[in-house]
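Read through the structure below, which is laid out as structure tokens, and then see the notes.
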Amino acid sequence: MPTLPLSPDELLTTTRTVRRRLDLTRPVPMELVRECLEIALQAPSGSNRQGWQWVVVTDAAKRAAIGHLYQRAVHGYLASEGSAARLFAGDPERAEVQRRVGESVAWLGDRMGEVPVLLIPCLQVHGGGELPAGNQAGLWGSVLPAAWSYMLAARARGLGTAWTTLHLAYEAEVAELLGLPADVRQAALIPTAYYTGEGFRPAKRQPLDEVLHVDTW
């Protein structure tokens with residue numbers, strides 16, 4: 001599939017979380033999803049284990065069922081003190097940004113089941129699926145770069161994605177719905193669709209010097 005004429009820096013700085021601008025009406029070809037996943041498989045993994053598994057959900061009934069669970073999780077999240085919409089209440093500028101984020105989270109929460117492709121990156125975990133104590137960063141670090149590569153590849157092909165994890169409040173229910181083995185754990189739920197409107201621009205972030213530490217804190 002042809003890709004957009006994006007430089008590496010432009011691709012990295014304009015791959016945004018897409019919620020409201022996901023096109024819920026336009027099908028996404030499976031061959032395009034496979035192409036993005038082929039790129040994702042080139043990401044690093046600890047000890048080159050490549051323990052990742054990828055579940056692509058296109059069946060309308062299954063998407064709707066996952067969407068219902070995600071909606072329940074989103075409603076609980078938005079009502080909590082940790083909701084994105086409630087962060088930085090004392091900073092008017094950032095509070096307004098967070099309000100818009102909360103609105104877009106709510107919008108996707110009510111429509112996740114309508115997104116044409118839902119991707120669930122998973123890890124196959126030895127020991128029956130029980131996550132080990134200690135270095136879980138190494139464990140999840142063996143799937144997250146690949147998932148990000150998928151999202152970058154999707155952006156380069158005119159697709160929008162969003163990194164979401166709220167469905168994990170109902171991980172067992174989703175696992176049963178999809179027939180996942182007991183040793184498979186889910187890492188995220190990534191809605192994938194063509195996006196509407198024009199392109200994307202870099203987001204406003206904290207200045208680097210506010211978060212940079214050299215040699216000591």
Spacing of CD belonging to E173 relative to CG belonging to L178, to within rounding of 0.5 Å: 12.0 Å
Mind listing the side-chain donor-acceptor pairs of residues 204-217 below 3.5 Å, one per line with the distance, residues two or more places apart or on another chain?
residue: K204; atom: NZ; partner: E93; partner atom: OE2; Å: 2.4

Donor-acceptor pair, side chain of R185 and main chain of A182, under 3.5 angstrom: no
Results of side chain to side chain donor-acceptor pair (under 3.5 Å) for R63 - residues two or more places apart only: none
Distance in Å, L32 CG paired with L159 CG, rounded so as to fall on 0.5 Å steps: 4.5 Å
Check: E171 side chain, Q186 main-chain N or O, donor-acceptor pair, under 3.5 Å: yes
Closest contact, heavy atoms only, A73 versus L166: CB-O, 3.2 Å
Path from V28 to M30 over hydrophobic side-chain contacts below 4.5 Å: yes
Evaluation steps, side-chain contact (heavy atoms from CB on, under 4.5 Å), between R157 and E35: CA-CA 10 Å; R157 287 158 177 79; E35 190 172 303; 2.6 Å; yes
P145 and P44, any side-chain heavy atoms less than 4.5 Å apart: yes
Rounded distance [0.5 Å steps], CH2 in W163 versus CG in L189: 10.0 Å
Residue Q42 excluded, over 12 heavy atoms near CD under 6.0 Å: no
Min side-chain heavy-atom separation L11-P8 under 4.5 Å: no
Side-chain heavy atoms of I120 within contact of W54, under 4.5 Å: no
Hphob cluster co-occupancy, V115 + V56, side-chain heavy atoms under 4.5 angstrom: yes
Interatomic spacing from NE2 in H75 to OH in Y70 - rounded to 0.5 Å: 10.5 Å
Verify same cluster id: V174, W140 (apolar side-chain graph, 4.5 Å): yes
Sequence-distant partners of F200, ring-ring contact (aromatic ring centres under 6.0 Å, His included), two or more places apart: Y195
Verdict with supporting geometry, Y150 and T192, side chain to side chain donor-acceptor pair (under 3.5 Å): CA-CA 10 Å; Y150 168 85; T192 304; 2.9 Å; yes
Step-by-step side-chain contact (heavy atoms from CB on, under 4.5 Å) determination, M112 to L118: CA-CA 8 Å; M112 180 67 85; L118 302 180; 3.6 Å; yes
Linked, directly or transitively: Y77 and I190 (ILVMFWY side chains, under 4.5 Å): yes
Residue R34 excluded, over 12 heavy atoms near CZ under 6.0 Å: no
Heavy-atom side-chain proximity of R155 to L6 below 4.5 angstrom: yes
Verdict with supporting geometry, T14 and R201, side chain to side chain donor-acceptor pair (under 3.5 Å): CA-CA 5 Å; T14 63; R201 61 180 183 271; over 6 Å; no
D9-S7 side chain donor-acceptor pair, cut-off 3.5 Å: no
Derivation of the side-chain contact (heavy atoms from CB on, under 4.5 Å) call for R72 and L69: CA-CA 5 Å; R72 287 169 57 188; L69 293 169; 3.8 Å; yes
V57 side chain reached by V117 side chain, heavy atoms, under 4.5 Å: no
Side chains of T164 and P191 in contact at under 4.5 Å (non-hydrogen atoms): yes
N/O donor-acceptor pair under 3.5 Å between S142 side chain and G46 backbone: yes
Heavy-atom side-chain contact between W148 and L152 under 4.5 Å: yes
Distance (rounded to the nearest 0.5 Å) between I66 CD1 and Y170 OH: 14.5 Å
side-chain contact (heavy atoms from CB on, under 4.5 Å) evaluation trace for C122 with V143: CA-CA 7 Å; C122 301; V143 68; over 6 Å; no
Value rounded to 0.5 Å, distance of CG in L119 from CE in M151: 9.5 Å
